[in-house]
Student: 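Sharing a structure with you now.
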Amino acid sequence: MGDIVDMRGAQGTGLLAFARYPDLEKAADRTAAKIKEGFMEMGYILKVARDTDILAGSGYASHEEFAEKRYGLDKGTVSRYIRIVERFSVGGDSHVLQDGYRDIGFAKLSLMLHMPDAVAEEITGSYSKQEVQAIKEEIDAEHAVSDIEVAIEAAEAPEPEGSLLERAIRQLGKEQQALYHRLHDIHAIDGTAAMVMDVLAPQGEAVYMVRIPGTGRLMISISGEAASVTNVRSGGKERYAAGDVQAAVAGIMHPGPVKESWQQEYGEPMGPLAEAAPGPAADGQGAEEAPSQKREKRKGSKVVKAAPPKAVEKGRGDGKPAGAAAEEAHPEPEERLPGQMEIMDFPEAMPDAHYEEIIEAPPAEAERGPDGEARAADGAGMEMAGTAAGAGGAAADRDAQPCGKEEEAAVDAALRMEELWMEAWGHLEGLRKYFAVWDSRSIPMESLEKVYQDAVSLEADIERMMDMKKEERDGQEHHAQQG
């Protein structure tokens with residue numbers, strides 16, 4: 001005897017009986033897998049409903065109507081189901097996930113839809129949704145920088161030296177001083193490659209984002225005894241062994257105390273460290289860490305974002321900040337894109353471009369919304385475009401007077417809607433710039449890819465706003481029924 005015995009009762013309840021434990025375990029495993037990846041089956045079913053005439057005569061005009069009326073799925077969710085199948089399933093047309101994307105889940109795969117393949121393939125099931133969101137935010141931040149701005153950076157930056165890994169590790173050491181300190185301690189005692197990898201990825205896996213002027217964001221992925229460096233802009237990737245990472249780390253270390261090593265490498269004084277540097281002592285006599293210390297060391301996010309633009313040097317290590325004005329909320333036109341006329345010296349980067357058309361900024365005393373209308377910036381403050389009615393006042397009063405959970409949830413929803421609107425507006429601005437500068441005959445492939453990414457991100461933001469509006473409408477209808 002073995003496997004599952006189907007015990008159908010008098011009313012056809014379909015009870016299951018098991019002859020032994022292994023039978024129960026197999027059935028449970030199959031069911032758990034089906035629950036976990038059931039969205040893939042639904043995505044495939046909806047894709048078939050969309051791509052074939054199978055709904056003819058069903059009474060449903062489209063796959064979206066079928067999904068909404070029968071299962072309560074809105075258009076945004078339906079779109080994500082199908083796109084996940086097309087992007088991450090075996091063959092792009094099945095209900096089975098590719099091996100590399102197993103155990104990730106619907107929510108994280110939805111975020112990964114907006115990432116290049118080279119980035120998405122580095123994400124495993126061990127990364128949390130918040131960590132995947134952090135990676136997406138870094139990609140969005142890089143896409144917000146136009147190719148023209150990167151061309152300006154490249155003209156002002158020194159010629160790149162070393163491999164992609166060496167350049168990435170050098171920038172990482174500069175942006176993360178506490179990490180540099182820990183790596184310096186390991187290097188000082190001739191630590192092994194495994195020790196270096198453990199410092200970089202104490203939880204076994206880690207992602208570091210760094211940004212190099214003229215190159216863009218690089219994603220350093222550490223996993224076990226291997227690493228990769230991915231150029232977020234181009235999608236190019238190089239893979240390395242642990243020994244390569246150790247050699248790259250050694251390349252940014254110098255004899256003497258950590259502060260002297262830092263100054264010799266980066267040509268500027270080392271700032272105050274963000275945290276004490278744990279790990280072996282510099283003399284190699286460090287005591288074994290207690291279990292509690294090891295657990296503490298392994299806490300925290302596995303994703304580290306790139307430092308803000310103000311931390312990036314301009315020129316050949318002159319220590320002067322570049323692009324700091326770009327972080328201001330309302331920069332003056334001449335500060336927003338420094339060196340705007342120099343781009344004319346690089347016709348290969350901008351053929352037939354009318355550069356003045358894409359740097360036009362609103363007057364300093366006004367904020368220009370997505371509708372093109374200038375809005376006064378008086379002392380009373382300014383509401384951002386697209387904010388739900390009353391959200392600005394509610395946000396301002398949140399600390400001034402107590403409010404119930406419903407009011408607080410409404411304020412949070414309004415603020416989130418505002419953030420999504422401004423994010424979408426940023427992607428729309430990116431598209432406007434490209435369509436203003438390039439034409440169909442001269443646009444390079446990398447710029448066309450950027451247009452695509454902006455369009456996809458804009459679509460995702462709009463979908464999320466639609467979902468929020470639907471939730472808001474459903475909530476209002478529920479309250480009306482209760483009232």
Side-chain angles (χ1 to χ4, degrees), residues 100-116 118-144 165 168-169 171-183 185-186 194-212 216-232 237 242 245 249 271-279 289 291-312 327 412 416 419 423 457:
Y101 299 108
R102 295 279 178 88
D103 302 321
I104 290 180
F106 175 74
K108 289 184 280 188
L109 288 173
S110 295
L111 293 171
M112 292 162 60
L113 285 170
H114 310 292
M115 299 179 183
V119 173
E121 66 187 15
E122 297 297 328
I123 297 175
T124 67
S126 71
Y127 288 92
S128 69
K129 181 183 177 182
Q130 290 73 22
E131 289 167 339
V132 177
Q133 176 67 36
I135 294 174
K136 179 185 177 298
E137 289 170 357
E138 285 291 282
I139 294 171
D140 290 343
E142 185 59 36
H143 288 160
L165 175 66
I169 290 294
Q171 187 66 23
L172 177 63
K174 180 180 180 183
E175 294 184 6
Q176 306 295 331
Q177 294 189 13
L179 180 62
Y180 183 95
H181 194 166
R182 292 194 292 274
L183 291 171
D185 288 347
I186 293 295
M195 294 170 70
V196 171
M197 298 295 274
D198 188 57
V199 168
L200 289 169
Q203 300 179 62
E205 291 182 312
V207 164
Y208 293 93
M209 290 286 190
V210 297
R211 190 174 193 284
I212 301 177
R217 270 174 176 74
L218 301 179
M219 185 175 89
I220 309 169
S221 303
I222 309 292
S223 180
E225 298 179 356
S228 66
V229 180
T230 304
N231 187 315
V232 171
K237 177 182 294 188
V245 178
V249 169
L273 295 178
E275 57 182 271
E289 290 176 307
S292 61
Q293 290 176 312
K294 290 182 179 179
R295 286 195 297 270
E296 181 67 25
K297 183 174 105 171
R298 296 183 183 274
K299 288 181 179 179
S301 175
K302 297 194 293 290
V303 175
V304 177
K305 291 187 171 186
K310 65 181 179 181
V312 179
E327 292 190 315
D412 290 341
R416 180 57 182 150
E419 291 173 0
E423 184 178 312
S457 298

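Source: prediction; values computed, not measured. All residue numbers refer to positions in the sequence shown, counting from 1.
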Student: Could you tell me the separation between the NZ atom of K129 and the NZ atom of K136, rounded to the nearest 0.5 Å?
Tutor: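 Separation between the atoms: 11.5 Å.
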Student: Hey, are the side chains of Y180 and K174 touching, using non-hydrogen atoms and a 4.5 Å cut-off?
Tutor: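 Counting from C-beta outward, Y180 and K174 never come under 4.5 Å.
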Student: M115 and V132: which non-hydrogen atoms are nearest, and at how many Å?
Tutor: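 Nearest heavy atoms, M115 then V132: CE-O, 3.5 Å.
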Student: Just wondering, do M219 and V119 contact through their side chains at under 4.5 Å, heavy atoms?
Tutor: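 In short, these two side chains touch, coming nearer than 4.5 Å.
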Student: Of all heavy-atom pairs between R217 and A306, which one has the smallest distance, and what is that distance?
Tutor: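 Shortest heavy-atom contact: NE-CB, 4.2 Å.
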Student: Rounded to the nearest 0.5 Å, what separates atom OG in S223 from atom CD1 in I123?
Tutor: 12.5 Å
Student: Taking atom CD of E419 as the centre, report whether more than 12 heavy atoms of other residues, nucleotides or ligands fall under 6.0 Å from it.
Tutor: yes
Student: So, Y208 side chain and L200 main chain: donor-acceptor pair closer than 3.5 Å or not?
Tutor: yes
Student: Between S126 and E131, what is the shortest heavy-atom contact and its length?
Tutor: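 Shortest heavy-atom separation between S126 and E131 comes out as O-OE1, 4.1 Å.
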Student: So do I104 and M112 actually touch side chain to side chain, heavy atoms under 4.5 Å?
Tutor: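 Answer yes - side chains close enough.
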Student: Work out which heavy atom in G224 is nearest to a heavy atom in M197; give both atom names and the distance.
Tutor: O-CE, 3.5 Å
Student: Are any non-hydrogen side-chain atoms of H181 and D185 less than 4.5 angstrom apart?
Tutor: yes
Student: Between Q171 (side chain only) and V210 (backbone N and O only), is there a donor and an acceptor less than 3.5 Å apart?
Tutor: no
Student: Start with the C-alpha gap between E423 and D140, add the side-chain angles, then the distance that decides, and say whether side-chain contact (heavy atoms from CB on, under 4.5 Å) holds.
Tutor: CA-CA 9 Å; E423 184 178 312; D140 290 343; 3.9 Å; yes
Student: How long is the span from the CD1 atom in I222 to the OG atom in S228, to the nearest 0.5 Å?
Tutor: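 I222 CD1 to S228 OG: 7.5 Å, rounded to 0.5 Å.
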Student: Once you round to the nearest 0.5 Å, how far does CE of M209 lie from CD of E137?
Tutor: 10.5 Å
Student: Compare every heavy atom of V303 with every heavy atom of A134, then report the nearest pair and how far apart it is.
Tutor: CB-CG1, 4.0 Å
Student: Whether the side chain of Q203 engages the backbone of G300 through a donor-acceptor N/O pair (distance < 3.5 Å, no angle test) should be reported.
Tutor: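 Judged by distance alone, yes, a pair lies under 3.5 Å.
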Student: Measure the shortest side-chain to side-chain distance between M195 and D198 over non-hydrogen atoms and say whether it is less than 4.5 angstrom.
Tutor: no
Student: What's the spacing between H143 NE2 and S457 OG if we round to 0.5 Å?
Tutor: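 Here the rounded value is 7.0 Å.
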Student: Hey, what do you get for CG (L172) to CG (L179), rounding to the nearest 0.5 Å?
Tutor: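 It is 5.0 Å, given to the nearest 0.5 Å.
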Student: Please confirm whether the backbone N or O of A118 pairs with a side-chain atom of K237, one donor and one acceptor, at under 3.5 Å?
Tutor: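 The answer is yes, because a donor-acceptor pair under 3.5 Å joins these two groups.
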Student: Please check: side-chain N/O of E205 versus main-chain N/O of K302, any donor-acceptor pairing under 3.5 Å?
Tutor: no
Student: So do I139 and H114 actually touch side chain to side chain, heavy atoms under 4.5 Å?
Tutor: no
Student: Examine distances only and state if a side-chain atom of K108 and a backbone atom of Y127 form a donor-acceptor pair shorter than 3.5 Å.
Tutor: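 Here the side-chain-to-backbone pair exists.
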